[in-house]
Amino acid sequence: MHITVVDHPLAAARLSIMRDERSDNAAFRAALNDLGAMLVYEASRELNTEKFSLQTPVAATQGTRLETPPIIVPVIRAGLGMVDPALSMIPDAQVGFIGLARDEETHEPVPYLEALPEDLTGQPVFVVDPMLATGGSLLHAVRLLAERGATDITAICVVSAQPGVDALADSGLPVRLVTATVDPELNDNAYIVPGLGDAGDRLYGPRNIDL
Ligand code: PRP
Ligand code: URA
């Protein structure tokens, strides 16, 4: 599996705001907005482009545009915080939705929503979720996308844990990963260490669970 770790001073500064427990919901959301845009920018580097003719106020020239804009697929809840930054980078992208909640006992993803085009053949997909921990949620999401014919899938995560990266790589699914960091491990509750806590809670408010 191809992995890109975005190593940039501005990305590292936003990630630090997200990790810092003193950052409130608003500061966390603002940092994710900026960092999400940086990750989407990097993930877009290999997208196919096409030329078209245009006229500047001075002369005729060639313009460049995306051949097929990727569909953005957030894994709800936390992935919703990456939709606006993704659309700011790719305004003509469509958006699909996958709703998953991790069972806090088993750490397995429990699906509750699937709102996607029936056929994703030939369609690049950016699946966005700030956290890749055990990998269960992302694997479930990528399988759903592959079942609909997607073969060009990029997972965009802020914090990835090594066990989740390994699970994704071992799956053999057609996915590459763009992330701001790969953290070494998970704690007993399958939270990423050092991580940033529960991304959904830090974006939108707590659900009273033990980290
Ligand atoms: C978080 C996160 C991922 C998942 C990662 O979502 O946004 O979807 O956990 O964990 P995994 O790699 O072990 O599956 P969560 O299930 O907590 O739901 P939420 O976004 O609604 O808070
Ligand atoms: N989900 C989160 O939001 N954070 C983690 O550390 C692991 C799963």
Side-chain angles (χ1 to χ4, degrees), residues 1 3 5 14-21 23-25 27-29 31-33 35-36 39-40 72-86 95-116 125-146 153-171 173 175-211:
M1 180 177 70
I3 304 174
V5 179
R14 296 312 191 286
L15 174 61
S16 301
I17 293 170
M18 294 180 69
R19 287 198 195 273
D20 193 333
E21 67 176 5
S23 300
D24 63 12
N25 294 147
F28 187 92
R29 277 197 299 270
L32 178 58
N33 212 59
L35 183 49
L39 297 177
V40 168
I72 310 299
V73 179
V75 179
I76 300 172
R77 269 183 317 168
L80 289 176
M82 298 175 74
V83 173
D84 281 353
V95 183
F97 299 90
I98 296 175
L100 299 175
R102 234 176 37 153
D103 181 302
E104 295 303 333
E105 300 286 315
T106 64
H107 309 136
E108 291 295 318
V110 181
Y112 60 85
L113 176 72
E114 202 180 308
L116 295 166
V125 182
F126 283 2
V127 52
V128 295
D129 189 332
M131 309 306 280
L132 168 60
T134 64
S137 303
L138 203 52
L139 278 170
H140 184 93
V142 172
R143 278 197 197 100
L144 285 181
L145 297 165
I153 305 171
T154 305
I156 305 178
C157 301
V158 172
V159 179
S160 304
Q162 192 62 57
V165 173
D166 294 343
L168 209 56
D170 293 347
S171 71
L173 288 162
V175 61
R176 68 183 74 82
L177 175 67
V178 176
T179 187
T181 181
V182 179
D183 283 6
E185 58 190 0
L186 303 174
N187 70 12
D188 291 344
N189 291 327
Y191 275 81
I192 302 173
V193 182
L196 49 72
D198 187 294
D201 288 9
R202 299 210 53 201
L203 277 166
Y204 302 120
R207 288 178 304 166
N208 293 325
I209 50 156
D210 292 330
L211 307 190

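We count ligands from 1, going down the list as the structure has it; atoms in each ligand are counted the same way.
- Taking atom 13 (O) of ligand 1 as the reference point, the nearest protein heavy-atom neighbour is T134 OG1, 2.6 Å.
- Between atom CD1 of residue I98 and atom CG of residue L144 there is a gap of 5.0 Å, rounded to the nearest 0.5 Å.
- For ligand 2, the atoms sitting less than 4.0 Å from at least one non-hydrogen atom of A190 are 7 (C), numbered in the order shown with element in parentheses.
- At least one heavy atom of G197 sits less than 4.0 Å from an atom of ligand 2.
- In summary, the atoms of ligand 2 found under 4.0 Å from a heavy atom of R102, numbered by their order in the structure, are 7 (C), 8 (C).
- Contact check for T154 versus V175: no side-chain heavy atoms found under the 4.5 Å cut-off.
- Heavy-atom distances between D198 and ligand 1 reach below 4.0 Å in at least one pair.
- Among all protein heavy atoms, the one lying closest to atom 20 (O) of ligand 1 is A78 N, 3.0 Å.
- A donor-acceptor pair under 3.5 Å is formed between the side chain of R202 and the backbone N or O of L196.
- Within the 4.0 Å heavy-atom shell around ligand 2 one does not find R202.
- No side-chain donor-acceptor contact under 3.5 Å links S137 to the backbone of P109.
- A salt bridge is defined here as a Lys NZ or Arg NE, NH1 or NH2 lying under 4.0 Å from an Asp or Glu carboxylate O, and D198 with R102 fails to meet this definition.
- Numbered from 1 in the order shown, with element, the atoms of ligand 2 that lie under 4.0 Å from a heavy atom of A199 read 2 (C), 3 (O).
- Heavy-atom separations between G135 and ligand 1 include at least one value shorter than 4.0 Å.
- Remark: the backbone N or O of G195 is paired with a side-chain donor or acceptor of D183 at under 3.5 angstrom.
- Under 4.0 angstrom from ligand 2, the non-hydrogen atoms of A133 all belong to its side chain.
- Inter-residue side-chain proximity for Y112 and V110 is flagged as unmet; no heavy-atom pair is nearer than 4.5 Å.
- Between A101 and ligand 1 there is a heavy-atom distance shorter than 4.0 Å.
- The backbone N or O of I17 sits less than 3.5 Å from a side-chain atom of S23, completing a donor-acceptor pair.
- Residues L80 and Y204 form a side-chain contact, since some pair of their non-hydrogen atoms from C-beta on lies under 4.5 Å apart.
- Interface of G200 with ligand 1, defined as ligand atoms under 4.0 Å from a residue heavy atom, comprises 22 (O).
- Near G136, the atoms of ligand 1 lying under 4.0 angstrom from a non-hydrogen atom of the residue are 12 (O), 14 (O).
- Per-atom contact check: atom 16 (O) of ligand 1 touches the protein, criterion being a heavy-atom distance below 4.0 Å.
- Results of the side-chain contact (heavy atoms from CB on, under 4.5 Å) test with M82 over P130, P74, C157 single out P130 as the only residue that passes.
- The I192 neighbourhood of ligand 2 comprises atoms 5 (C), 6 (O), with distances under 4.0 Å to a heavy atom of that residue.
- Under the 4.0 angstrom criterion, atom 1 (C) of ligand 1 counts as lacking any protein heavy-atom contact.
- Salt bridge D84/R29: absent, no basic N to carboxylate O contact under 4.0 Å.
- Of the polar atoms of H107, none of the N or O atoms is found under 3.5 Å from an N or O of ligand 1, judged by distance alone.
- Closest protein heavy atom to atom 3 (C) of ligand 1: D129 OD2, 3.0 Å.
- Residue, atom and distance of the protein heavy atom nearest to atom 4 (C) of ligand 1 are S137 OG, 3.5 Å.
- Between M131 and ligand 1, a contact under 3.5 Å exists for no N or O pair.
- Of all protein heavy atoms, the one closest to atom 5 (C) of ligand 2 is Y191 CD2, 3.3 Å.
- No side-chain heavy atom of L203 sits less than 4.5 Å from a side-chain heavy atom of N25.
- Among the atoms of R102, some N or O lies under 3.5 angstrom from an N or O of ligand 1.
- Summary of contacts: the protein heavy atom closest to atom 19 (P) of ligand 1 is R77 NE, 3.6 Å.
- At the top of the distance list for atom 18 (O) of ligand 1, counting protein heavy atoms only, stands L100 O, 4.0 Å.
- Side chain of N189 to backbone of Y191: no donor-acceptor contact under 3.5 angstrom is found.
- No side-chain donor-acceptor contact under 3.5 Å links R14 to the backbone of L32.
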